Amino acid sequence: MKDSYYEQAYTLAKEAYAELGVDTEQALAALSKIPLSLHCWQGDDVGGFEAPDSALSGGGIQVTGNYPGKARSVEELRRDLEKVYSLVPGKHRLNLHASYGEFGGKKVDRDEITPEYFTGWAAWAKEQQLGVDFNGTFFSHPKAEAGFTLASKDAGIREFWIEHARRSREIAAFFGSELGTPSIHNTWIPDGHKDYPADRMGYRRILKDSLDDIFSVKYPSSAMRDAVETKLFGIGSEAFVVGSHEFYMYYAALNNLMVCLDLGHFHPTELIADKISSVLLFSEELLLHVSRPMRWDSDHVVVLNDDIRFLTEELVRSGAIDRVHIGLDFFDGTLNRIGAWVTGARSTLKGLLLAWLQPANTLETYEEAGNFYGKMGLSEQLKSMPFGAVWDMHCLRSGVLPEDKILQDIFGYEERVLKGRK
Ligand code: RNT
Ligand code: ZN
C-alpha cells in the first residue's frame with residue numbers, strides 16, 4: 001500500500017469506531033503497554049545448545065518439520081530474535097529455557113547449571129532492553145526418558161531434577177536482579193503414564209514433596225516469581241499426568257504461586273478464556289502460554305482464531321490484564337521460523353487490539369437487559385469494522401512494518417540470512 005493509504009484509512013476507521021463509542025487512541029495506548037514474552041524455542045525447534053547435541057526426545061514434546069534455516073548457535077538465535085522483535089510492535093520480553101545456556105561446548109548437566117552460563121544472555125537482553133523469563137528444562141534428557149522427573153519414584157532421578165529446579169530458580173532470580181524486572185519462572189514437567197496408573201496418589205504426593213522442597217527457597221518478588229504449568233495429557237502420558245490442573249490450582253493457591261495455563265493443555269472444547277476470571281479472583285497473578293492446539297497439544301503457530309479472540313477479550317474485559325503474564329508457546333519446524341514467531345506474536349496483539357476496540361459497555365448493557373440478540377448482532381457487526389487500519393497505524397507509530405509489508409520482509413530475511421544456514 002502507498003504511504004498515504006495508512007493515514008487516510010486510519011482517519012476513517014477512527015471515525016467509524018467513534019460512532020460506536022470506541023476511542024481508537026485509547027485502545028492503541030492500552031495495547032502499547034502490553035509485553036509479550038517471546039519464547040526462544042520457536043527458533044530452533046526446542047533444540048537448545050547443550051553439548052553434546054541433545055535431540056528432542058521423551059516427555060510429550062514433539063516438533064515436526066525440517067524447514068531449512070533453523071538457528072544453530074546462540075548467535076544465530078539472537079540475530080533471529082532481533083529480527084522478530086523488529087517486526088512486532090511494542091516492547092516485549094524473552095522467555096528462555098535452561099537448555100539454551102552458553103555452555104561453550106562443555107558438558108554441563110542440568111543439575112550443574114549456574115547463572116554464569118547465562119551472563120551472555122543477560123548482557124544481550126540489557127542491550128536490547130528486554131526482560132527475561134526462565135524455564136527449567138525437564139525433557140530431552142536421559143534422566144527424563146522413563147517419563148518421570150520431579151514425581152519419579154527413583155530418589156536419585158528425583159534429586160537430580162530437584163537440583164535442576166533449584167538452579168533454574170536461581171538463574172531466574174539472577175536475570176530479574178540484573179535486568180531490574182522480575183523474571184517469571186515457569187515449571188513444566190512431563191511426568192505421567194501412557195496407560196491407567198496403578199497409583200495416582202503416590203506420584204502426586206511425591207510431586208508435592210518435591211515442589212515443597214524446591215519452593216522452600218524464597219526469592220524477592222522483585223527478582224523472580226514462580227508459575228507451575230498444568231496439563232491434561234501428553235504424548236506418552238495420555239492416561240495420567242501427575243501435574244494436572246486441579247493439582248497445580250490447589251498447589252499454587254496454597255503456596256502463593258501462579259498457575260500457568262497453556263491453551264493446548266485442556267480438553268479440546270474447553271476454553272481458557274473462561275478460566276481467567278476464576279483464577280484472578282483468587283490469585284494475584286497468572287501466566288499464560290498462548291498456543292494453538294490442533295486436535296491435541298500440537299503447539300501450532302498462533303493465528304487470530306476464535307480461541308485467541310475469546311482469550312484476549314476476556315483479558316481486556318476482566319480489567320485485570322496487568323496481573324497476567326502473556327507468554328507464547330508454539331514451535332513449528334515446517335515453515336519459516338521467523339515468520340512463525342512474528343505471526344504468532346502479532347496475532348496475539350491483534351486479538352488484544354480487537355478486544356480494546358469493542359464497545360464493552362454496550363455489550364454488557366444489552367446482556368443485562370436480556371437483549372441477547374443485541375449482544376450477538378453487535379458482536380457480528382464488529383467483525384466487519386475496519387480494524388486493520390487501526391492495527392497498521394499502531395505498527396507504523398511503533399516503527400514496525402504494517403501488515404501488508406511483512407511477508408516480503410520475511411522472505412527477504414530468508415534469502416539473505418536463513419538460506420545461508422546449511
Ligand atoms: C509442554 C509445555 C511447555 C513447553 C515448553 C517448551 O507441553 O507446554 O510449556 O512447551 O516448556
Ligand atoms: Zn506451555
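Both counts, for ligands and for their atoms, begin at 1 and track the order of listing. Only heavy atoms go into these numbers, but all of them, side chains included; no hydrogens, no water, no symmetry mates. Predicted model, so just to flag it, every value in this text is computed and none were measured.
By the 4.0 Å heavy-atom criterion, N135 is excluded from the residues contacting ligand 1. Residue H97 places a heavy atom under 4.0 Å from ligand 1.
Salt bridge K275/E270: present, at least one basic N to carboxylate O contact under 4.0 Å. A salt bridge is defined here as a Lys NZ or Arg NE, NH1 or NH2 lying under 4.0 Å from an Asp or Glu carboxylate O, and E76 with R79 fails to meet this definition. A salt bridge does not link E163 with R110: none of the charged nitrogens is closer than 4.0 Å to a carboxylate oxygen.
Both tests do not hold together for K375 against Y366: distance to the six-membered ring centre under 6.0 Å, angle to the ring axis within 45°. At least one test fails for R166 against the ring of W161: distance under 6.0 Å to the centre or angle within 45° of the axis. A cation-pi arrangement is present between K153 and Y203 under the rule of less than 6.0 angstrom and at most 45 degrees off the ring axis.
Of the N or O atoms in D262, one or more lie within a sub-3.5 Å distance of an N or O in ligand 1.
Pairs passing the salt bridge (charged side-chain N to carboxylate O under 4.0 Å, His left out) check and including a residue from residues 325-343, sequence neighbours excluded, read D45-R337.
For ligand 1, the atoms lying closer than 4.0 Å to a non-hydrogen atom of F331 are 10 (O). Taking every non-hydrogen atom of H289 and a distance limit under 4.0 Å, the qualifying atoms of ligand 1 come out as 9 (O).
Shown here are the protein N/O/S atoms lying under 2.8 Å from the Zn ion (ligand 2), water excluded: E229 OE2, D262 OD2, H289 ND1, D329 OD2.
For D23, the CG atom is densely surrounded, since the number of other residues' heavy atoms within 6.0 Å is greater than 12.
Under 4.0 angstrom from ligand 1, the non-hydrogen atoms of E229 all belong to its side chain. When heavy-atom distances to ligand 1 are checked against a 4.0 Å cut-off, I61 comes that close only through its side chain, counted from C-beta outward.
The aromatic rings of H185 and F134 lie parallel to each other, their planes meeting at an angle below 30°, with 60° marking the opposite boundary.
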